[in-house]
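What follows is a single structure, written as structure tokens, with notes after it.
We count ligands from 1, going down the list as the structure has it; atoms in each ligand are counted the same way.
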Amino acid sequence: MTNNKNVLNWIEEMKALVKPDKVVWIDGSEAQLNELRKEALSTGEMYELNQELLPGCLLHRTAVNDVARVEDRTFICSRTKENAGPTNNWEDPKVMYDKLGKLFDGSMQGRTMYIIPYCMGPIGSPFSKVGVELTDSIYVVLNMDIMTRMGTKAFEHLGDTSNDFVRGLHSKAQLDQENRYIVHFPEDNTIWSVNSGYGGNVLLGKKCFALRIASYQAKMEGWMAEHMLILGLENPKGEITYVCAAFPSACGKTNLAMMIPPKKYLDEGYKVWTVGDDIAWLRVGPDGRLWAINPENGFFGVAPGTNMKSNPNALLTTQKGTIFTNVVLNLDNDTVWWEGLDKNPPKNALDWTGKKWDCTDGSKGAHPNSRFTAPACNCPCLSSEFNNPNGVPISAIIFGGRRAKTAPLVYQARDWKHGVFVGSTMASETTAAAAGAVGVVRRDPMAMLPFCGYHMGDYFTHWLEMGEKLGDKAPKIFNVNWFRTDDEGHFIWPGFGDNMRVLNWIVNRCKGTADAVETAIGYEPKPEDIDVEGLDVTLETVKDLLSVDKDLWKEEVKGIHEFYGKFGDKLPEELKHQLSVLEENLNK
Ligand code: GTP
Ligand code: SPV
Ligand code: MN
């Protein structure tokens, strides 16, 4: 399939290590994929769903101890500890290669090794980059087919001589939790993942390559790899404004990217187009603006909470050619269910672990981090620019997270530098997307804490440098919070499609047609400029959602000081300055 010696030599080396019984080159053809599907069905790795109701759809269950990303077992093995920085786990690459070498040694004996060539980004785009993943999992092959441009065409994009490809090695091995490692060697363009079978740990094109390795490449090559959705908002005149938004895992990217505006806006002619729901690669274009592509080709979305009201476009996207992981199986008709899909949980069903499930006993049927892997081309609101090799020009960058208090519904940074400060000080409650406690507030700069492949202080510097390059063509930067709660813990803002009302203010700010008031933390809309017509939300509530509680923010400043303290000399002076400005503003 390729004559590229760099690829062939590396594969030989890895083969000698993992010692597979058989090797299969994945060409991406339907015939080959069908054979693999058949095999996975025969071994029970996959379960075939109702082919009339859900054509091409399959169900998979992971091991019960293997349901989310494992941040404490994820390493950035830069040559020096300094280069991985204080927010990443680090081990000397030599020591790590040695340690994992033992786990990989013979790990594919009695198994088949699949060689997956894949391209992140449209084939032929100057943004795009190739990876090769070696794996012993058919689940990985079938998911990579949905999530990337996979097969022979990826080798064609790479060419016969290039060495610019990411070397990914994955083995399920024994799915041993104690020996589970997700390890990145940024200077070697290499990822080794062992003892897991869960999405984010094993679909190496996604977080491992497109964020951790790519963020390092981006720093070296002068671009950006970010945990961001990309959407286009079309107004009644047919003008489309593109924005990116960085929210931590399970904080609403897929939902915002596929949002359906409220009826009133639809009637006026507003539309939202999805370019991406998780990752953006951004470059300065020939016109000096920031341009973005989505390196992925599908969506690996959170199932719970997805329904015809919250996100109809996502649900419709999953009705064919989709792999469901860790959801409920309805035994009556071989369809799937999860919490928040509808109010009729199936009576005759298996839960995500494959055990008979009694929906009345209060237990959850689907895992909170159960997911669907769905082809982008299924999405009813997919942007016509999805495959554009040049990407789309970005007018705004939106940061956001889950904050019960403190962060207001929306505010705008005074300029790019202040925006970098806002992004670098983001905090959010943890979710089920990663193993560990849920609902604990932690700092998650730019939603990249688990995904930055180098020293986060250098990452902040890189953001500031990108701002210098962009000058007055830099996107405007905003922060949003859909998750403020009342005293009973209920979300105050309706969220989902109604986030359009906030997005509209953001876009109008970019166009220079909306007003703002200056507060201690940045520019906010006038409460009456957030349109609440048709909502059960009063002007008073909007005021409340926009309020900046100075005491809470003074506490916030303490937290930021503590967090910034970690970065020592690597913390840019500019960010220290921004923090002192915030302190001054709060004391005024
Ligand atoms: P990853 O795929 O993990 O990166 O997550 P994501 O950022 O794409 O999050 P997603 O859109 O899948 O949403 C995660 C959860 O947040 C789901 O259960 C949603 O129902 C919920 N959610 C999304 N948007 C909103 C919102 O505007 N308001 C409220 N209250 N919940 C939301
Ligand atoms: C996330 O956790 O941010 C995800 C899912 O998008 S995973 O691919 O598992 O990282
Ligand atoms: Mn994500």
- Please identify which atoms of ligand 1 are closer than 4.0 Å to at least one heavy atom of K253. 1 (P), 4 (O), 5 (O), 6 (P), 7 (O), 8 (O), 9 (O), 11 (O)
- Decide, yes or no, whether a salt bridge links K364 with D351 under the criterion of side-chain N to carboxylate O below 4.0 Å. no
- Query: Polar-atom distance check: R402 versus ligand 1, any N or O pair below 3.5 Å?
  - Reply: yes
- Query: Which is closest to atom 18 (O) of ligand 1 by heavy-atom distance: A257, P304, G495?
  - Reply: P304
- Note on the structure: ligand 1 to P248, heavy atom cutoff 4.0 Å, flagged ligand atoms 7 (O)
- Cationic tip of R283 within the cone over W223's six-membered ring, i.e. under 6.0 Å and within 45° of the normal? yes
- Does E71 come within less than 4.0 Å of R442, counting only side-chain N to carboxylate O? yes
- Given side chain to side chain donor-acceptor pair (under 3.5 Å), test Y198 with N369 step by step and report yes or no. CA-CA 10 Å; Y198 165 75; N369 191 40; 2.9 Å; yes
- Message: Is there a polar contact, in the sense of an N or O pair closer than 3.5 Å, between F496 and ligand 1?
- Response: yes
- Note on the structure: For A250, the atoms of ligand 1 under 4.0 Å from one of its heavy atoms are 1 (P), 3 (O), 4 (O), 5 (O), 6 (P), 7 (O), 9 (O), 14 (C), 15 (C), 16 (O)
- Query: So is F483 in contact with ligand 1, going by heavy-atom distances below 4.0 Å?
  - Reply: yes
- Query: Is there a donor-acceptor contact under 3.5 Å from the side chain of D498 to the main chain of P494?
  - Reply: no
- Which protein N, O or S atoms lie under 2.8 Å from the Mn ion (ligand 3)? K207 NZ, H227 NE2, D278 OD1
- In ligand 1, the atoms that come under 4.0 Å of a heavy atom of N499 are 27 (O)
- Task: Would you mind checking if D278 and K206 are paired as a salt bridge, meaning a charged N to carboxylate O distance below 4.0 Å?
- Result: yes
- Under the side chain to side chain donor-acceptor pair (under 3.5 Å) criterion, do Y118 and D145 qualify, and how do the steps go? CA-CA 8 Å; Y118 63 94; D145 172 51; over 6 Å; no
- Task: Find all atoms of ligand 1 within a distance of less than 4.0 Å from any non-hydrogen atom belonging to F491, and give their numbers and elements.
- Result: 30 (N)
- Message: Looking at D277 and K253, is any side-chain nitrogen of the basic one under 4.0 Å from a carboxylate oxygen of the acidic one?
- Response: no
- By number and element, which atoms of ligand 1 are closer than 4.0 Å to a non-hydrogen atom of H227? 4 (O)
- Query: Considering N311, N255, V502, D277, which one's heavy-atom position lies nearest to atom 23 (C) of ligand 1?
  - Reply: N255
- Message: Quick check: closest heavy atoms across R484 and S547, and the distance to 0.1 Å?
- Response: NH2-O, 2.7 Å
- Item | Ligand-side contact atoms (ligand 1) for residue partner R371, heavy atom cut-off under 4.0 Å | 1 (P), 2 (O), 3 (O)
- Residues in contact with ligand 2, criterion: heavy atom under 4.0 Å: R69, Y198, G200, K206, K207, H227, S249, D278, F300, R371, A433, F451
- Query: N143 and T373: side chain to side chain donor-acceptor pair (under 3.5 Å), yes or no, with the steps?
  - Reply: CA-CA 7 Å; N143 274 273; T373 319; 2.6 Å; yes
- Message: Between M448 and L211, is there a side-chain heavy-atom distance shorter than 4.5 Å?
- Response: yes
- For ligand 1, which atoms, with element, lie under 4.0 Å from some heavy atom of V302? 12 (O)
- In the protein, which heavy atom is nearest to atom 9 (O) of ligand 1, and how far is it? G252 N, 2.9 Å
- Query: Does NZ or CZ of R73 lie under 6.0 Å from the centre of the six-membered ring of Y181, at an angle within 45° of the ring axis?
  - Reply: yes
- Side-chain (T135) to main-chain (E133) donor-acceptor, under 3.5 angstrom: no
- Query: For T306 and ligand 1, does the shortest N/O to N/O distance drop below 3.5 Å?
  - Reply: no
- Message: Contact between P475 and V243 at the side-chain level, heavy atoms closer than 4.5 Å - yes or no?
- Response: no
- Task: Look only at the side chain of N378 and the backbone of T317, and say whether a donor-acceptor pair between them is shorter than 3.5 Å.
- Result: yes
- Message: Below 4.0 Å, non-hydrogen atoms only: which portion of C251 touches ligand 1? Side chain, backbone, both or neither.
- Response: backbone
- Query: Hey, is the main chain of C379 close enough, under 3.5 Å, to the side chain of N313 for a donor-acceptor pair?
  - Reply: no
- Query: Under 6.0 Å between the ring centres of F185 and W90?
  - Reply: no
